[in-house]
Amino acid sequence: MRNISKTGTIHSMKREKHICLSITAHVDAGKTTLAEAMLFEAGQLKTRGRVDHRDSALDFEDFERTRGITAFSKQAELNFGGTDFSIIDTPGHADLFSETKRGLRVPDAAILVISGSEGIQADTGTIWALLREQRIPTWIFVSKMDLPGAEKEKILAELKSELSESVIDFTDSENLICEEAASVDEICMEEYLSGGVVTDEALCMAIKNCTVFPCFFGSGLQMTGVRPFLEALDRWTVAPEWPDAFSALCYKIGRDARGQRLTQVRITGGNLSVRNPVRYLNSRGKLCEEKVTAIRIYSGARYEVVETVSAGQVCSLLGLTETAAGTALGEEELQPEEIAESVRRYSLAFEPKQDPVVMLARLQELSEELPELQPEADRHGLSVCLSGRMQGEMFKALLKERFSVQAILSEGRVIYKETVSRRAEGIGHFEPLRHYAEVHLILEPLPVGSGIRLESVCPEDTLDRNWQNLILDAMRGIRLPGVLTGAELTDIRICLASGKAHPKHTEGGDFREATLRALRHGLMQAECRLLEPVCHFVLTVPAEQLGRAISDLRMMHAEFSSPQQDAETVRLEGSIPAATLGDYPEMLLSYTHGLGRITIHPIGYQPCHNPEQVLENSDYNPERDTDWPADSVFCAHGAGFNVHWTKVKDYMHLPSVLDQQNRREQTEAGVHRLQRIDDRELEAIMLREFGPIKRPQWTERLGETGKESKKQPSRKERTILIDGYNFIFADPELKKIALDSLDTARSRLMDRLSNFCGFTGEQAVLVFDGFRSAGNPGSREEHANIHIVFTAEGETADAYIEQLASEVGKNDRVAVVTADTMIRVSAMRSGVLRISPAEFEHELEEMEHQLEEILNRSNLLAHQTQTANVLTEREKKEGKTL
Ligand SMILES: Nc1nc2c(ncn2[C@@H]2O[C@H](COP(=O)(O)OP(=O)(O)OP(=O)(O)O)[C@@H](O)[C@H]2O)c(=O)[nH]1
Ligand SMILES: [Mg+2]
């Protein structure tokens with residue numbers, strides 16, 4: 001068997017090879033110690049520091065040195081053999097997992113460190129899952145092999161069974177490596193079977209494709225196994241092929257000791273030189289172009305200033321102001337950072353007292369480096385999200401160091417979310433003087449974990465695309481609060497269904513106002529539901545403590561699968577509401593005398609297990625949230641007025657989209673199976689009720705030009721039942737007249753309606769309430785071509801309409817114009833066509849406008865005819881012929 005060759009194509013490529021490796025593991029596994037051992041072995045460090053002696057080169061921040069823990073990812077450079085390596089050492093503490101994940105965005109491969117004395121930990125499983133999900137080639141280094149209890153064979157067996165069968169011991173002879181690689185990788189197998197060898201090239205590809213995970217043993221502290229590890233990394237890694245055009249991916253924002261902003265990137269294509277302008281989209285999608293003022297290559301706290309960097313290198317860029325973790329520079333594609341779900345929010349106080357505005361700005365600056373903080377200022381004051389005690393301490397230390405302020409953190413409140421449980425339509429109207437916008441949104445629930453989906457189904461001929469974009473943008477990138485507790489909305493589809501602009505008066509801001517009002521209006525009507533954060537947990541306890549553990553978990557409303565016994569310990573796995581966890585990890589340690597372990601990771605949101613209690617404890621009142629009004633602003637007589645959200649539907653200018661949809665769906669689904677009456681039956685009932693129908697006589701009224709009226713678009717004739725007083729008081733103009741004289745308002749409405757029916761050929765029954773007039777027997781009369789009903793004492797107009805609609809409403813052509821009775825009418829007989837006073841007012845106005853045009857035309861025609869006649873007379877007199 002030929003041994004794996006050290007020469008060949010891979011070797012010849014080595015001169016320009018640049019490889020980026022991220023070191024990751026659970027807390028205290030020995031990552032930083034291993035990284036420094038590699039640097040020392042490669043000659044990059046002249047003296048070795050030690051984490052425990054507070055003189056480590058990589059854990060150089062004060063907080064890190066006092067705690068003996070890595071809090072921020074660090075970069076270090078080393079050259080070994082023919083390879084330039086950039087190493088990113090990441091934190092291992094579960095609280096700092098967001099920072100770990102940032103450090104895993106750009107490497108060619110990860111080094112997973114296992115502590116030889118402790119073996120695989122629960123957090124190792126979480127990291128392994130992330131590495132597999134992101135398909136990051138993984139090298140394993142089992143460190144601390146110098147400690148008692150570290151057994152190579154035992155750990156290897158554990159790695160193979162718990163992580164992957166493809167973990168291969170690379171400290172074995174090369175023959176054995178070949179054999180094992182052939183057993184897990186197809187290409188290696190082909191080579192091995194045909195020639196009894198596996199080439200370096202095939203092995204490199206197997207590692208790169210994650211079909212082989214090389215495993216090494218040694219000690220970072222004792223410097224054993226480090227050199228063979230570096231040799232293997234040099235030999236079996238291949239650099240990616242980078243494109244020629246400049247591109248780079250930012251994995252993290254940092255600050256240097258002087259507070260200068262560092263955009264930490266990996267160059268993923270071409271070259272970059274100082275003073276080159278770079279283009280990128282910031283997190284709000286705005287295109288930025290800025291000059292790079294300096295390029296630094298860091299190794300721990302020290303850095304080298306360079307003029308140019310090329311593809312493969314990791315460096316820090318100065319001069320860029322709007323970059324963020326995930327920002328793509330040049331040709332790279334934007335990969336925004338997914339901020340991990342935070343479980344708790346902590347209110348902040350400061351010692352000495354600080355100006356909240358200044359502090360919010362500082363927190364925002366800090367959150368460039370730690371986006372998971374998500375600082376906020378609301379009615380509770382300033383607050384941040386923290387993932388646990390360790391992150392809290394780190395955060396306080398940072399505030400002290402950077403801004404010399406002492407932060408006091410509250411207990412922390414669970415971050416709930418809200419969603420809707422059924423479909424609803426939100427209507428928002430914004431029309432102060434010389435402004436105009438109306439927006440209709442349909443809100444619908446989405447499955448758990450979907451987030452917010454913004455869409456439009458509004459045709460562009462209803463509302464211009466630019467306006468539509470403005471509407472959707474108004475809801476994008478901001479935290480939209482729900483109406484139950486003011487918690488953030490999620491798992492909801494918000495669909496723009498229709499909207500209206502004014503040709504002259506609409507400005508962009510009007511749509512923003514109308515949109516947010518529409519959203520709130522919709523939420524107030526939809527049934528809303530509270531969601532709570534849920535964590536995945538793995539709990540191990542000594543077998544004799546199983547009973548206690550199960551009863552604790554039940555008390556905490558956890559869900560879990562059946563226990564798995566392993567020698568002396570039992571393992572339980574499942575999900576648990578974050579709200580019930582409290583200080584369980586500490587309690588567990590105490591009752592198991594340090595033998596019990598629990599790892600917890602937030603996994604998302606589920607319906608809340610105790611919504612009543614949460615709502616009871618919340619002091620949120622959506623009607624008093626002035627930042628998020630559900631009311632609308634309409635305009636009458638040149639002035640805007642507020643319309644309470646419960647009444648917006650009576651005033652809206654566009655018809656309700658949901659009502660139309662519901663009607664359609666009901667008909668389609670055959671839900672509405674009531675016996676329909678045909679047109680002849682309708683005519684018969686109307687004849688019985690009101691006598692013969694007077695048809696409009698526009699031809700008579702308009703004289704010769706009456707032909708014109710026939711050219712008008714003939715809408716399908718309807719029979720309209722109108723709640724008279726309800727309409728008068730919903731219409732600002734009629735209402736004003738009515739306050740002076742109810743009689744005048746009634747006559748005015750009758751005249752308008754009569755014109756409307758004459759013009760459209762429709763029938764109208766106008767019903768006035770005589771309910772309160774003592775001794776009133778009620779009456780029916782004709783006003784020109786419309787029927788007027790005054791109900792008798794004790795009979796309300798809506799009761800009358802209800803009764804009539806129940807008879808004639810089973811015909812598609814019957815519509816009821818009403819606001820107050822809407823609920824009763826719809827309950828009485830779903831499927832009856834309802835029109836709001838505002839919609840009908842619109843129809844009236846449209847008709848009046850057309851009528852005016854016709855009259856103008858007829859006057860003009862009459863005038864022309866008259867002139868022509870005069871001319872003809874004159875010409876006759878003058879003896880001329882036409
Ligand atoms: N005996 C022994 N101790 C080690 C070895 N490697 C690290 N340690 C010790 O283990 C502790 C943690 O080491 P670090 O290198 O800080 O571990 P880490 O994984 O970087 O820790 P975090 O970054 O905080 O997650 C320190 O006390 C080290 O001295 C080793 O190979 N042998
Ligand atoms: Mg470390």
Side-chain angles (χ1 to χ4, degrees), residues 21-41 45 47-76 87-104 107 110-128 130-131 138-152 155 171 215-230 252 298-301 387-394 397 599:
L21 301 168
S22 291
I23 307 190
T24 178
H26 67 84
V27 68
D28 271 349
K31 298 175 288 296
T32 306
T33 308
L34 173 66
E36 298 201 6
M38 290 163 74
L39 290 170
F40 187 72
E41 187 67 57
L45 283 181
T47 51
R48 283 193 70 198
R50 245 184 93 166
V51 175
D52 317 86
H53 299 163
R54 301 186 177 185
D55 58 357
S56 138
L58 293 176
D59 284 353
F60 57 82
E61 302 270 3
D62 284 349
F63 176 77
E64 298 179 316
R65 289 200 163 163
T66 47
R67 295 271 158 175
I69 190 171
T70 305
F72 298 98
S73 297
K74 306 296 175 352
Q75 179 190 351
I87 292 188
I88 300 174
D89 180 29
T90 69
H93 197 287
D95 277 11
L96 310 172
F97 198 48
S98 296
E99 178 77 356
T100 311
K101 285 210 274 193
R102 282 190 281 275
L104 286 170
I111 298 172
L112 176 66
V113 180
I114 307 283
S115 157
S117 59
E118 293 165 302
I120 294 180
Q121 303 288 298
D123 279 339
T124 317
T126 313
I127 295 167
W128 182 259
L130 180 76
L131 293 172
T138 307
W139 294 63
I140 296 170
F141 189 91
V142 184
S143 198
K144 301 196 186 181
M145 288 304 290
D146 56 312
L147 288 179
E151 285 172 46
K152 181 176 165 184
I155 293 172
T171 59
C215 180
F216 296 80
F217 296 83
S219 160
L221 196 67
Q222 308 298 339
M223 293 289 299
T224 52
V226 178
R227 178 161 276 270
F229 184 49
L230 280 168
K252 163 178 165 58
Y298 272 86
S299 249
S387 53
R389 200 159 286 172
M390 179 57 78
Q391 205 192 16
E393 283 181 31
M394 186 194 83
T599 59

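In listed order, ligands and their atoms are each counted from 1. We count residues from 1, following the sequence as given.
The existence of a salt bridge linking Glu99 and Lys252 is confirmed by a sub-4.0 Å separation between a basic side-chain nitrogen and an acidic carboxylate oxygen.
Under the 4.0 angstrom criterion for non-hydrogen atoms, Ala25 is not in contact with ligand 1. The closest approach between Lys144 and ligand 1 falls below 4.0 Å for a heavy atom of the residue.
Checked by atom type and distance alone, the side chain of Lys74 pairs as donor or acceptor with a backbone atom of Leu58 at under 3.5 Å. In this structure a side-chain-to-backbone donor-acceptor pair under 3.5 Å is present from Arg48 to Leu221.
Rounding to the nearest 0.5 Å gives a distance of 7.5 Å between CE of Met145 and NZ of Lys152. Atoms OG and CD1, from Ser299 and Ile87 in turn, are 9.0 Å apart once rounded to the nearest 0.5 Å. In this structure, SG on Cys215 lies 8.5 Å from CD1 on Ile155, to the nearest 0.5 angstrom. Taking CZ of Phe63 as the start and CD1 of Ile69 as the end, the distance is 6.5 Å to the nearest 0.5 Å. Atom OG in Ser117 sits 5.5 Å away from atom NZ in Lys144 (nearest 0.5 Å). Atoms OG1 and CZ, on Thr126 and Phe97 in that order, are 6.0 Å from each other to the nearest 0.5 Å.
Each of the following atoms of ligand 1 lies closer than 4.0 Å to a heavy atom of Thr33: 6 (N), 7 (C), 13 (O), 14 (P), 15 (O), 28 (C). Listed by atom number, the atoms of ligand 1 under 4.0 Å from Ser219 heavy atoms are 30 (C), 31 (O), 32 (N). Counting atoms of ligand 1 from 1 in the listed order, those under 4.0 Å from a heavy atom of Gly92 are 25 (O). The distance from ligand 1 to the heavy atoms of Leu147 drops below 4.0 Å at these ligand atoms: 1 (N). Short contacts between ligand 1 and Ser143, defined as distances under 4.0 Å to a heavy atom of the residue, involve ligand atoms 31 (O).
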For Thr33 and Arg50: C-alpha separation, side-chain torsions, deciding distance, then whether side chain to side chain contact (heavy atoms under 4.5 Å, CB included) applies.
CA-CA 7 Å; Thr33 308; Arg50 245 184 93 166; 5.9 Å; no

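Note: no N/O pair closer than 3.5 Å links Met145 and ligand 1 by distance alone. An N or O contact shorter than 3.5 Å is missing between Ile69 and ligand 1 by distance. For a threshold of 3.5 Å applied to N or O pairs, the pair formed by Val27 and ligand 1 contains no separation below that value. At a 3.5 angstrom cut-off on N or O pairs, Thr70 counts as close to ligand 1. Of the N or O atoms in Val51, none lie within a sub-3.5 Å distance of an N or O in ligand 1. Between Asp28 and ligand 1, an N or O atom pair is found at a separation short of 3.5 Å. For a threshold of 3.5 Å applied to N or O pairs, the pair formed by Pro91 and ligand 1 contains no separation below that value. Taking only nitrogen or oxygen atoms, main chain and side chain alike, Thr32 reaches within less than 3.5 Å of ligand 1.
For the residue pair Gln222 / Ser219, no side-chain donor-acceptor distance below 3.5 Å is found, with atom types taken as modelled. Side-chain contact of Ser56 with Thr32: a donor-acceptor pair under 3.5 Å is absent, judged by distance alone.
Here the protein contributes Thr32 OG1, Thr70 OG1 as N, O or S atoms under 2.8 Å from the Mg ion (ligand 2).
Using the six-membered ring where Trp is involved, Trp139 and Phe229 have ring planes that are perpendicular, over 60° apart on the 30 and 60° scheme.
Nearest to atom 22 (P) of ligand 1 by heavy-atom distance, out of Met390, Glu36, Lys31, is Lys31. For the residues Asp59, Leu58, Asp146, Leu96, the heavy atom positioned nearest atom 1 (N) of ligand 1 is part of Asp146.
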Could you go through residues 21-30 and list every donor-acceptor pair under 3.5 Å that involves a side-chain atom there, pairing it with any protein atom two or more places apart or in another chain?
unit_1: Ser22; atom_1: OG; unit_2: Gly103; atom_2: O; d: 2.6

